[in-house]
Student: 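Please find one structure pasted underneath; my questions will follow.
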Amino acid sequence: MKQLGDIAGVFAYLSLLTVGGGMAAFPELKTLSVDTYHWITFPELLHFYSLGQLAPGPNMMMVASIGAVVAGLPGAAVALVAFFLPTGLLTFGVGRLWIHLAAWRWRPAIQVGLGSVAVGLVLAGAVIMGRGALTDVLYVALAVVVFFLLLKTQINPAYPIVASGLIGVLAHWLEYTPTT
Amino acid sequence: MSEQAASSAPPRPSLGRIFWVFLVMGATSLGGGVVGYLRTGLVVRQRWLDDVAFVELLSISQTLPGLNATNMAILVGDRLRGGWGALAAMLGMCLPGAALMTAAAYAYGAGGDHPWSQAFLRGIAAGAVGLILVVMVELGAKVLKTAADYIFVLATAAAVAGFGVKVPYALVVAGALAIWWHRPCDRQGSK
């Protein structure tokens with residue numbers, strides 16, 4: 001029961017940090033799930049996050065994976081509800097109000113101001129994730145290639161990410177040893 | 001907004017229909033970019049929204065905390081069918097991915113430690129970093145207009161990733177400064 005309470009508290013808190021997308025919550029997700037509660041290791045977090053990018057729907061369904069690792073199916077359910085209910089209610093309430101604020105003078109300021117902070121949080125998440133994931137020149141190269149491929153073409157991001165995984169498997173088969 | 005509401009009353013599909021349409025989008029929007037799938041599903045195929053309303057709801061989704069996909073589901077569901085519509089859309093959107101990622105946790109527990117799995121997972125983690133950077137560039141292209149905006153981006157990222165500042169503090173302090181920086185100019189204002 002204590003664990004379910006912890007899961008509810010952590011994911012409800014993380015939920016409110018997802019300004020500009022799920023990645024904004026990544027730094028705190030790492031701190032809480034890895035360093036504070038020791039639910040999973042940092043590599044496991046990276047793996048679930050990356051698998052979550054391959055799953056359909058909203059890109060943070062990996063919160064269900066962490067909940068399931070900690071406390072089985074009830075854990076997954078609690079993590080999902082805690083992660084989506086607070087912001088869901090906020091969006092529901094503010095969404096109705098916001099339509100009526102179309103002419104409010106501060107509205108563009110809030111949209112642009114929070115926008116730049118959101119980009120900063122995504123960058124911070126990418127840096128923290130990169131520290132764990134890009135441990136070797138091979139993985140740096142994979143990230144760079146996927147970045148330019150997705151920037152320059154309109155292909156479905158799932159393809160290059162799965163291809164990265166297969167290149168990782170190929171490297172293992174060729175007994176390529178990462179420098180770490 | 002009031003003119004728009006008067007000119008065309010939004011359609012009222014059944015709750016089951018809303019759930020089903022969002023379930024299909026939730027199950028097929030593979031590989032991120034869920035906004036594109038939402039537009040195709042809601043504007044082009046179902047004609048539940050026009051592009052003006054879609055962009056309006058999307059801008060709300062992007063400003064408020066929460067994921068764009070679930071925020072859009074809530075706003076569109078509410079528009080079509082009130083609170084129950086929002087719940088039906090949200091559940092439909094989340095169920096497929098949630099089921100898959102719960103199953104992934106069990107699969108990971110069973111075979112995640114295997115060297116082949118580890119090699120695959122390390123590869124996709126590297127690829128995912130590339131994807132996140134693209135998301136950042138695309139988000140940035142929409143919102144970053146002046147040199148000051150870039151300073152807010154770098155200051156926020158450096159504070160969180162470099163100095164370990166907790167995200168809520170960074171969000172409140174940098175957010176308040178950035179909003180103040182873009183504050184409405186009084187001369188152009190109504191007062």
Side-chain angles (χ1 to χ4, degrees), chain A residues 16-19 22 27-28 46-47 50-51 53 55-59 61-62 64-65 68-69 76 80 87-88 91-92 95 98 102 105 109-117 119-120 122-124 126-130 133 139 142-143 146-147 150-151 156-158 161 164-165 167-169 172, chain B residues 1 26-32 60 63-67 69-71 74-75 78 86 90 93-94 96-98 100-102 104-105 116 119-134 136 139-140 143-144 149 152-153 156-157 160-161 167 174-175 178-179 182-184 189:
Chain A
L16 296 171
L17 305 180
T18 54
V19 173
E28 287 288 293
L46 294 174
H47 295 162
S50 319
L51 284 173
Q53 303 304 303
N59 66 353
M61 303 316 294
M62 51 78 68
S65 307
V69 167
L80 284 167
T87 51
T91 300
F92 186 70
W98 198 249
R105 297 163 67 227
I110 293 173
Q111 251 162 310
V112 177
L114 281 186
S116 57
V117 175
V119 175
V122 176
L123 177 58
V127 168
I128 290 169
M129 192 171 168
Y139 301 106
L142 281 176
V146 170
F147 173 76
L150 292 179
L151 199 65
N156 188 322
I161 292 179
S164 305
I167 290 171
V169 170
H172 179 71
Chain B
M1 294 315 293
T28 55
S29 55
L30 278 160
I60 302 172
T63 306
L64 292 175
L67 310 184
T70 49
N71 282 354
I74 288 166
L75 295 174
D78 182 30
M90 171 85 179
M93 193 77 210
C94 289
L100 209 63
M101 288 311 292
T102 305
W116 293 103
F120 181 76
L121 290 164
R122 288 192 70 171
I124 65 167
V129 174
L131 170 65
I132 288 152
L133 291 172
V134 171
M136 186 195 73
L139 189 64
V143 297
L144 305 179
D149 294 330
F152 287 123
V153 170
T156 306
V160 172
V167 174
I179 291 169
H182 289 285
R183 69 189 176 278

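These figures come from a predicted structure and were not determined experimentally. Letters A, B, ... are given to chains in the order of the sequence lines, protein chains preceding strands, and every chain is numbered from 1.
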Student: Could you check which of A:I128, A:V112, A:L151, A:L46 has the highest count of heavy-atom pairs closer than 4.5 Å to chain B?
Tutor: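 So the answer, after comparing A:I128, A:V112, A:L151, A:L46, is A:V112.
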Student: Please round to the nearest 0.5 Å and tell me the distance separating atom CE of B:M90 and atom CZ of A:F92.
Tutor: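 Between atom CE of B:M90 and atom CZ of A:F92 there are 12.5 Å.
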Student: If you take all heavy atoms of A:G95 and B:L75, which pair is closest and at what distance?
Tutor: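 For A:G95 and B:L75, the tightest heavy-atom pair comes out as CA-CD2, 3.6 Å.
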Student: Examine whether an atom of B:M93 lies under 4.5 Å from a heavy atom of chain A, and if so say whether it belongs to the side chain, the backbone or both; otherwise answer neither.
Tutor: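 Both backbone and side chain of B:M93 come within 4.5 Å of chain A.
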Student: Grab the two heavy atoms, one from A:A133 and one from B:V129, that are nearest each other, plus how far apart they are.
Tutor: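 Minimum heavy-atom separation between A:A133 and B:V129: CB-CG2, 4.0 Å.
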Student: Could you look at A:V127 and say if it's the side chain, the backbone, both or neither that has a heavy atom under 4.5 Å from chain B?
Tutor: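 The side chain, not the backbone.
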Student: When only pairs under 4.5 Å are counted, which of B:L67, B:V160, B:L139 shares the most heavy-atom pairs with chain A?
Tutor: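 Heavy-atom pair counts peak at B:L67.
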Student: Can you sort out the partners of B:A105 under side chain to side chain contact (heavy atoms under 4.5 Å, CB included), two or more places apart, ordered by chain and number?
Tutor: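 Side chain to side chain contact (heavy atoms under 4.5 Å, CB included) check on B:A105 returns A:F48, A:S65, A:A68, A:V69.
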Student: For chain A, which candidate among B:G97, B:A128, B:G66 shows the most heavy-atom pairs at distances under 4.5 Å?
Tutor: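 Option with the top pair count is B:G66.
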Student: For each of B:L121, B:L144, B:V143, B:T156, tally heavy-atom pairs with chain A at distances under 4.5 Å, and name the one with the top tally.
Tutor: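 Ranked by heavy-atom pairs under 4.5 Å with chain A, first place is B:L121.
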Student: So B:R183 and A:R105, do their side chains get closer than 4.5 Å, heavy atoms only?
Tutor: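 No, too far: nothing below the 4.5 Å cut-off.
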Student: Need one label for A:L16: side chain, backbone, both or neither, based on atoms under 4.5 Å from any heavy atom in chain B.
Tutor: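 Just its backbone gets close to chain B.
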Student: Taking side chain as everything from C-beta outward and backbone as N, CA, C, O, which of these in B:L133 sits under 4.5 Å from a heavy atom of chain A? Side chain, backbone, both or neither.
Tutor: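 Contact with chain A involves both backbone and side-chain atoms of B:L133.
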Student: Based on non-hydrogen pairs under 4.5 Å, which of B:A178, B:G127, B:A69 is most in contact with chain A?
Tutor: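 Winner by heavy-atom pair count: B:G127.
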Student: What pair of heavy atoms forms the shortest contact from A:P157 to B:L131, and how long is it?
Tutor: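 Heavy atoms of A:P157 and B:L131 come nearest at CB-CD1, 3.7 Å.
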Student: Under a 4.5 Å cutoff for heavy-atom pairs, which residue among B:A98, B:G175, B:G140, B:P96 has the most contacts with chain A?
Tutor: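 Option with the top pair count is B:A98.
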Student: Which pair of heavy atoms, one from B:H182 and one from A:A109, lies closest together, and at what distance?
Tutor: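 For B:H182 versus A:A109, the nearest heavy atoms are O-CB, 3.1 Å.
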Student: Given that the side chain runs from C-beta out, which part of A:A76 has a heavy atom under 4.5 Å from chain B: side chain, backbone, both or neither?
Tutor: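 For A:A76, the contact with chain B is made by the side chain alone.
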Student: Could you list the residues that satisfy side chain to side chain donor-acceptor pair (under 3.5 Å) with A:T18, not counting sequence neighbours?
Tutor: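 For A:T18 there are no side chain to side chain donor-acceptor pair (under 3.5 Å) partners, ignoring immediate neighbours.
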Student: Are side-chain heavy atoms of A:T87 and B:L64 found at a separation under 4.5 Å?
Tutor: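 They are not in side-chain contact.
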Student: Which answer fits B:A86, side chain, backbone, both or neither, if we ask what part of it has an atom under 4.5 Å from a heavy atom of chain A?
Tutor: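 The side chain, not the backbone.
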Student: Just by modelled atom types, is the A:G57 backbone N or O under 3.5 Å from a matching donor or acceptor in the B:S29 side chain?
Tutor: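 Yes, B:S29 side chain to A:G57 backbone: donor-acceptor pair under 3.5 Å.
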Student: May I ask you to test the B:T28-A:P56 pair for a side-chain heavy-atom distance under 4.5 Å?
Tutor: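 No, every pair of side-chain atoms sits at 4.5 Å or beyond.
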Student: If we define contacts as heavy-atom pairs under 4.5 Å, which of A:G165, A:G113, A:G22, A:S164 has the most with chain B?
Tutor: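 Of A:G165, A:G113, A:G22, A:S164, A:G165 has the most heavy-atom pairs under 4.5 Å with chain B.
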Student: Output the distance between atom CE (A:M61) and atom OG1 (B:T102), rounded to the nearest 0.5 Å.
Tutor: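 These two atoms lie 7.5 Å from each other.
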Student: Counting heavy-atom pairs closer than 4.5 Å to chain B, which one of A:L142, A:I110, A:I167 comes out on top?
Tutor: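 The residue among A:L142, A:I110, A:I167 with the greatest pair count is A:I110.
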Student: Looking only at heavy atoms, what is the nearest atom pair of A:P58 and B:T70, with distance?
Tutor: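 Looking at all heavy atoms of both residues, the closest pair is CG-CG2, 3.6 Å.
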Student: Where does B:I60 contact chain A at under 4.5 Å (heavy atoms): side chain, backbone, both or neither?
Tutor: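 Contact with chain A: backbone and side chain both.
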Student: I want to check something: taking the side chain as every heavy atom from C-beta on, are B:I132 and A:M129 in contact at a cut-off of under 4.5 Å?
Tutor: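 Yes, side chains in contact.
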Student: If you look at every heavy atom in B:V153 and A:S116, which pair is closest and at what distance?
Tutor: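 Shortest heavy-atom separation between B:V153 and A:S116 comes out as CG2-O, 3.3 Å.
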Student: With chain B, which of A:V19, A:L114, A:V122, A:I161 has the greatest number of heavy-atom pairs at distances under 4.5 Å?
Tutor: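 Among the listed options, the one with the most contacts to chain B is A:I161.
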